[in-house]
Structure formats: C-alpha cells, structure tokens
Peer 1: 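Dropping the structure in here first, questions after.
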Amino acid sequence: MSNTHHYSVVIPVYNEEEVIPTTYARLTSVMRGLGESYELIFVNDGSRDRTYDYLRETALRDSHVKVLDFSRNFGHQIAITAGMNAAAGDAVVVIDADLQDPPELIPEMISRWKDGYEVVYAKRKQRKGETWFKLATASLFYRLLRSMTDVDIPVDTGDFRLIDRKVCDTMNTLSEKNRFVRGLVSWVGYKQIAVEYDRDERLAGETKYPLRRMLKLSLDAMTSFSQKPLKLATYAGFTVSGLSFISLVVTVCMKLFTDSTVAGWASLLSVVLMLNGFILLILGIVGEYIGRIYDESKGRPLYIVRESVGYHEEQSHIAVKRSLPR
C-alpha cells in the first residue's frame, strides 16, 4: 500500500432530515482528522422529507460530498449497493445515518485495515435504547441464520464495516436482487476481523426497520444463503408420510383382527386440517424461493438514480451503469 489513501464513506439515508446535519458534521470531523483524501457518498433512498434538499446544498458547497438520489425507495440494502458501486476509495466504509454506529470508530477500523485486514466489521457489545423484543429477535435471527448456512456470518453485527478496494470490486460483480449485504461480505471471504463497540441510541427520528422490514430482511438472508428450509420441508414430508402409513397399517389391523373400530370424526378432522396447514406452509417455503428466481429472471437494474450531485459529468451516471444486469 502507498502512504496516502483515498477513503469512501457510504451513507444510505431515508427520511433523516432531523439527524443528517449532525451526521455530516461528525463524519466530516472524523475524516478530516485522518489527514488523507476522502469522499462522503450519501445515497438518498427516496426520502419524502427534506433530506435530499439538505444533501444537495451540502454537496454544492463541500467537494467531499457526493449524492445519489434514487427515483423511488428501493430499500436499505440496495442503497448500500449503489454506494459501493459509486465508491472510488482504496477502502470503503458503510455506516448508517442515524448515528447509532459512531463515526469515531472509523479511524480504528482504518488502522486494522492498514494492518493487512481486508474486511473490518463492527461488532456490538451493547445495544442502548432498544426494546427487549428487538434484542431477543435480533439475537435469535443471527444465531438461527448461522446454524442454517455454511457461510460464517458473524453474530451481533450490522452493515457498519470497512472493506478493501478488492472486496468492493468483488461485491460489485454480485447482481442478485434480494440482497443481504453483510451476508455477501462474509460469503466473498478475504481476511476479516472484528472491532467491538457499544451501540448508541438513535439520535433522532424513528427506526427504518420496523417488524415488517425485519421479517423481509430475514427471509432474504435465509433464502440467499441456505437451502435448509427446503430440506427441512422434505424431511418433514417424509416423517408425516411415515406416520400416516403406520397409522393406516394400525387401522387396517384393528379392522381385520379385532372387534374394535377407530372412532372420532372430530379428531380425524383436526388431523386433516393440521396436515393441510402443513402442506400450505411447505408450499409457502417453496414459493419464497420461486419468487426470488422470478425476480432474478426479470433482468431489471437494481435501482434507478434520478439525479447525482458532486460527480463530474462523465461520472454522473456511473452508478446506473454499474447497476445494469450483466
């Protein structure tokens, strides 16, 4: 590595007008303190408040700031992808705008990168200001995902991480639609290390990951990195079929060799309804995978950039070009 480097910081934003001035100020203070060149890439994911207006004004007065404005809301993971597509740095940092992840940790991450690590991910020791339900479900999700995949996805981590240029280039070749970025970073491999920290409360605004979006992210992660749900459905099908066959044999034997009869229409109806529900559940699992195959087959770009600010004219559509299907 050379003695001087250029860093890219990717910040996906959605309706963050209350916190974005503070985010910009803290990131600028940290990056200026490094004494090396940098760029702040804000990806506006279809915000409906004044987030984009502030970012545009900031980019016009600060040459370090670049802004990609999506034509609509494409999702947090896609916004991160767009920022990686547009990043030009020797190292690329991904951080959310809500300041739960402290920008002041970036110098330590860069230090570990200079030690030779190609991925430096931030691992949470504590999560302040979050409900017991959020903490419990997050813990369950990461441990369940890790047990169901062959990819070593670190627990208690988010998208806050630093990746080397070569890792970013590799990530930019992956064009799947239903993305789980932190899982993809683990999948590509390279030399990785954790930096621990205490996660702060959200500075302002509200979470952009309510239960509905968390469930979708969980499904994307499971179906992107594991076929075990399909295998479990197969095993369960064999088990139920085996039990049904045994039940049939017992019923026939009782009819032929004893005076007893099998009674109980209510219990029989309950079993039938239970099996029908089980079949529908298996069809739902299969449908999740088929739906993702359908999404991939469309060949649409991951996102559309309505406007970019801070780029030279020849670079103004760089993210759109990189997002086109290969």
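These numbers were taken from a predicted model, which means no experiment stands behind them. Only this structure's heavy atoms are used, side chains among them; waters, hydrogens and symmetry mates stay out.
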Peer 1: Please enumerate all residues that pass side chain to side chain contact (heavy atoms under 4.5 Å, CB included) together with S71, with sequence neighbours excluded.
Peer 2: F74, I304, R306
Peer 1: Whether the side chain of R161 engages the backbone of A122 through a donor-acceptor N/O pair (distance < 3.5 Å, no angle test) should be reported.
Peer 2: no
Peer 1: Of the non-hydrogen atoms in S186 and Q192, which two are nearest, and what is the gap between them?
Peer 2: CA-NE2, 3.9 Å
Peer 1: For R61, look at atom CZ and say whether over 12 heavy atoms of other residues, nucleotides or ligands are found less than 6.0 Å away.
Peer 2: yes
Peer 1: Where do T58 and F42 land on the side chain to side chain contact (heavy atoms under 4.5 Å, CB included) test, with the steps shown first?
Peer 2: CA-CA 11 Å; T58 303; F42 290 91; 6.0 Å; no
Peer 1: Atom CG in L184, atom CD in Q77: separation rounded to 0.5 Å?
Peer 2: 8.5 Å
Peer 1: Looking at A97, is its backbone amide N or carbonyl O close enough to the side chain of T23 to form a donor-acceptor pair, meaning the two atoms are under 3.5 Å apart?
Peer 2: yes
Peer 1: Apply side chain to side chain donor-acceptor pair (under 3.5 Å) to residues D101 and Y197 and explain how you reach the verdict.
Peer 2: CA-CA 9 Å; D101 301 323; Y197 75 108; 2.5 Å; yes
Peer 1: Quick check: do V65 and V309 have side-chain heavy atoms less than 4.5 Å from each other?
Peer 2: no
Peer 1: Got a sec, which residues hit salt bridge (charged side-chain N to carboxylate O under 4.0 Å, His left out) with R32, two or more places apart in sequence or on another chain?
Peer 2: none
Peer 1: By side chain to side chain donor-acceptor pair (under 3.5 Å), which residues pair with S37, not counting sequence neighbours?
Peer 2: H6
Peer 1: With E118, which residues qualify under side chain to side chain donor-acceptor pair (under 3.5 Å), at least two apart?
Peer 2: K166
Peer 1: Are the side chains of V9 and E39 in touch, meaning some heavy atoms are under 4.5 Å apart?
Peer 2: no
Peer 1: Please identify each residue that fulfils side chain to side chain contact (heavy atoms under 4.5 Å, CB included) with D49, with sequence neighbours left out.
Peer 2: N15, E17, S47, T51
Peer 1: Specify the closest pair of heavy atoms between K123 and A194, including all atoms of both residues, with the distance to one decimal.
Peer 2: CB-CB, 4.2 Å
Peer 1: Under 4.5 Å between any side-chain heavy atoms of L99 and T22, yes or no?
Peer 2: yes
Peer 1: For the atom pair CD (E18) and CD1 (I20), what is the distance rounded to the nearest 0.5 Å?
Peer 2: 11.5 Å
Peer 1: Under the salt bridge (charged side-chain N to carboxylate O under 4.0 Å, His left out) rule, what do D159 and R182 come out as? Steps first, then yes or no, please.
Peer 2: CA-CA 6 Å; D159 293 307; R182 69 200 74 163; 3.0 Å; yes
Peer 1: Any donor-acceptor pair under 3.5 Å linking the side-chain atoms of Y117 with those of D164?
Peer 2: no
Peer 1: How long is the gap from CE on M109 to OH on Y121, to the nearest 0.5 Å?
Peer 2: 11.0 Å
Peer 1: Would you mind reporting whether L27 and I11 have side-chain heavy atoms less than 4.5 Å apart?
Peer 2: yes
Peer 1: Go through the structure and list residues passing side chain to side chain contact (heavy atoms under 4.5 Å, CB included) with A79, not counting sequence neighbours.
Peer 2: P12, V43, D45, F70
Peer 1: Are a donor atom and an acceptor atom from the side chains of E36 and Y7 found within less than 3.5 Å of each other?
Peer 2: yes
Peer 1: For D96 and H76, which heavy atoms make the closest approach, and how far apart are they?
Peer 2: OD1-NE2, 2.8 Å
Peer 1: When rounded to the nearest 0.5 angstrom, what is the spacing between CD in E104 and CD1 in I106?
Peer 2: 8.0 Å
Peer 1: Restricting to ring pair (Phe, Tyr, Trp, His ring centres under 6.0 Å), what partner residues turn up for Y54, sequence neighbours left out?
Peer 2: none
Peer 1: Tell me, do V119 and L162 make a side-chain contact under 4.5 Å, heavy atoms counted?
Peer 2: no
Peer 1: Please identify each residue that fulfils side chain to side chain donor-acceptor pair (under 3.5 Å) with R112, with sequence neighbours left out.
Peer 2: D115
Peer 1: Would you say the side chain of Y52 lies within less than 4.5 Å of the side chain of V13, judging by non-hydrogen atoms?
Peer 2: no
Peer 1: On a heavy-atom basis, which atom in L105 and which in E196 lie closest, and how many Å separate them?
Peer 2: CD1-O, 4.4 Å
Peer 1: Side chains of E307 and R56, heavy atoms from C-beta outward: is any pair under 4.5 Å?
Peer 2: yes
Peer 1: Using ring pair (Phe, Tyr, Trp, His ring centres under 6.0 Å) as the criterion, list what pairs up with Y38, not counting sequence neighbours.
Peer 2: H64
Peer 1: Taking only residues two or more places apart in sequence or in another chain, which ones pass side chain to side chain contact (heavy atoms under 4.5 Å, CB included) with P107?
Peer 2: V30, L34
Peer 1: Does D62 have any salt bridge (charged side-chain N to carboxylate O under 4.0 Å, His left out) partners at least two apart in sequence or in another chain, and if so, which?
Peer 2: none
Peer 1: What is the minimum heavy-atom distance between V67 and A59, and which atoms define it?
Peer 2: CG2-CB, 3.9 Å
Peer 1: Nearest 0.5 Å please: distance from the SG atom of C168 over to the CG atom of D90.
Peer 2: 11.0 Å
Peer 1: Quick one: list whatever passes side chain to side chain donor-acceptor pair (under 3.5 Å) with T28, sequence neighbours left out.
Peer 2: none
Peer 1: Might you work through the side chain to side chain contact (heavy atoms under 4.5 Å, CB included) test for M31 and L40, ending with a clear yes or no?
Peer 2: CA-CA 9 Å; M31 299 310 293; L40 303 179; 4.2 Å; yes
Peer 1: With heavy-atom distances below 4.5 Å as the criterion, would you say the side chains of V185 and Y190 are in contact?
Peer 2: no
Peer 1: Do you know the tightest heavy-atom contact between I41 and A87?
Peer 2: CD1-CA, 3.6 Å
Peer 1: Between atom NZ of K191 and atom CD1 of I193, what is the distance when rounded to the nearest 0.5 Å?
Peer 2: 8.5 Å
